[in-house]
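Because only heavy atoms are used, hydrogens play no part in the values below, and waters and symmetry mates are left out as well, while side chains stay in. None of these values were measured; they are calculated from a predicted model. Residue numbers count from 1 along this sequence. Atoms within a ligand are numbered from 1 in the order they appear, just like the ligands themselves.
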Amino acid sequence: MAVPGWERAARILLCAAGLALSVYAFHVETSKERDASYQAMCDINAAISCSRVFTSRWGRGFGLVAGLLGLHSVFNQPNSIFGIAFYLLQILLGFSNSGLAAITLLGSSVVSIAGSLYLAYILFFVLHDFCVICVTTYVLNFALLFLNYKRLGYLNQAWQHHKAKAKRK
Ligand SMILES: C/C(=C\C[C@@]12O[C@]1(C)C(=O)c1ccccc1C2=O)CCC[C@H](C)CCC[C@H](C)CCCC(C)C
């Protein structure tokens, strides 16, 4: 086994948490859009409000898709949809031992870090808000980056081992 068991367990836990938070964010955003008086659990006060963040212009397509591809583009989805796709990809490819899967995992993870830094900037410096769900997903994304970086090392080790064994024969 090239990838240790704790890596798989940690990946499933992190992605399950990410999926749950993304599904919840999607629920809050759509509920608030339907009914402005909807009170979300993560709306603590005016400065700690998640629904204000999710329904802001940066809550869909990262606030970028509408300008690039148009308001009605199929890619102009709530950010939480991108989160769901990302965590599903991280779980599914996590079961593979292939090098290509490991590179795809690390690549998409680096993109998610860029997304997290951008969203954190919008959250703190543009919206002046503190969204507990958002900040938790940034932490999960950094933890996933660590796992995906470690994974390349494990696969490389297994490959070196395999080569050394083939040479001895
Ligand atoms: C719930 C979540 C992030 C929270 C939040 O996005 C929310 C909901 C939002 O509305 C928002 C508004 C304004 C400022 C900050 C925020 C956020 O903080 C999950 C995304 C996680 C991550 C940033 C996903 C990045 C995915 C990449 C684009 C890679 C995709 C690769 C694959 C799909 C192939």
Side-chain angles (χ1 to χ4, degrees), residues 10-36 38-96 98-149 151-152:
R11 176 180 302 275
I12 291 171
L13 280 176
L14 291 171
C15 292
L19 276 174
L21 292 176
S22 300
V23 168
Y24 178 66
F26 181 78
H27 169 74
V28 169
E29 174 169 354
T30 48
S31 302
K32 191 79 181 181
E33 277 173 353
R34 239 184 288 121
D35 170 14
Y38 171 78
Q39 272 288 317
M41 213 166 32
C42 50
D43 286 339
I44 316 283
N45 57 38
I48 310 181
S49 165
C50 62
S51 66
R52 191 170 76 86
V53 173
F54 299 158
T55 54
S56 74
R57 53 176 283 219
W58 294 276
R60 260 177 195 265
F62 304 94
L64 300 170
V65 174
L68 294 171
L69 302 170
L71 204 57
H72 303 290
S73 160
V74 276
F75 296 105
N76 199 23
Q77 298 295 333
N79 295 350
S80 49
I81 295 287
F82 292 95
I84 290 170
F86 172 67
Y87 295 116
L88 281 179
L89 182 82
Q90 290 285 322
I91 287 200
L92 292 178
L93 288 186
F95 290 114
S96 164
S98 95
L100 185 60
I103 289 169
T104 310
L105 283 170
L106 185 61
S108 57
S109 197
V110 168
V111 176
S112 85
I113 293 299
S116 298
L117 293 176
Y118 165 76
L119 289 174
Y121 170 80
I122 301 286
L123 182 63
F124 295 125
F125 299 109
V126 180
L127 295 170
H128 303 285
D129 202 309
F130 187 91
C131 154
V132 182
I133 310 278
C134 305
V135 173
T136 310
T137 64
Y138 310 153
V139 175
L140 293 177
N141 292 347
F142 272 99
L144 274 173
L145 176 71
F146 173 77
L147 284 190
N148 290 325
Y149 173 75
R151 172 175 278 245
L152 275 189

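Of the candidates Ile84, Asn79, Leu88, Ser22 forms a side chain to side chain contact (heavy atoms under 4.5 Å, CB included) with just one, namely Ile84.
SG distance check for Cys50 and Cys42: under 2.5 Å.
Other residues, nucleotides and ligands contribute more than 12 heavy atoms inside 6.0 Å of the OH atom of Tyr38. Within a 6.0 Å radius of OH in Tyr118, more than 12 heavy atoms belonging to other residues, nucleotides or ligands are found.
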Side-chain donor-acceptor pairs under 3.5 Å in residues 101-116, sequence neighbours left out?
{"residue": "Thr104", "atom": "OG1", "partner": "Leu100", "partner atom": "O", "Å": "2.8"}
{"residue": "Ser108", "atom": "OG", "partner": "Gln90", "partner atom": "NE2", "Å": "3.1"}
{"residue": "Ser108", "atom": "OG", "partner": "Thr104", "partner atom": "O", "Å": "3.0"}
{"residue": "Ser108", "atom": "OG", "partner": "Leu105", "partner atom": "O", "Å": "3.2"}
{"residue": "Ser109", "atom": "OG", "partner": "Leu145", "partner atom": "N", "Å": "3.4"}
{"residue": "Ser109", "atom": "OG", "partner": "Asn148", "partner atom": "ND2", "Å": "3.2"}
{"residue": "Ser112", "atom": "OG", "partner": "Ser109", "partner atom": "O", "Å": "2.8"}
{"residue": "Ser116", "atom": "OG", "partner": "Ser112", "partner atom": "O", "Å": "2.8"}
{"residue": "Ser116", "atom": "OG", "partner": "Asn141", "partner atom": "ND2", "Å": "2.9"}

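Distance check, rounded to the nearest 0.5 Å: CD1 of Ile122 to SG of Cys134 gives 11.5 Å.
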Between ligand 1 and the protein, which N/O pairs are shorter than 3.5 Å?
{"residue": "ligand 1", "atom": "6 (O)", "partner": "Asn79", "partner atom": "ND2", "Å": "3.2"}
{"residue": "ligand 1", "atom": "10 (O)", "partner": "Asn79", "partner atom": "ND2", "Å": "3.4"}
{"residue": "ligand 1", "atom": "18 (O)", "partner": "Tyr138", "partner atom": "OH", "Å": "2.6"}

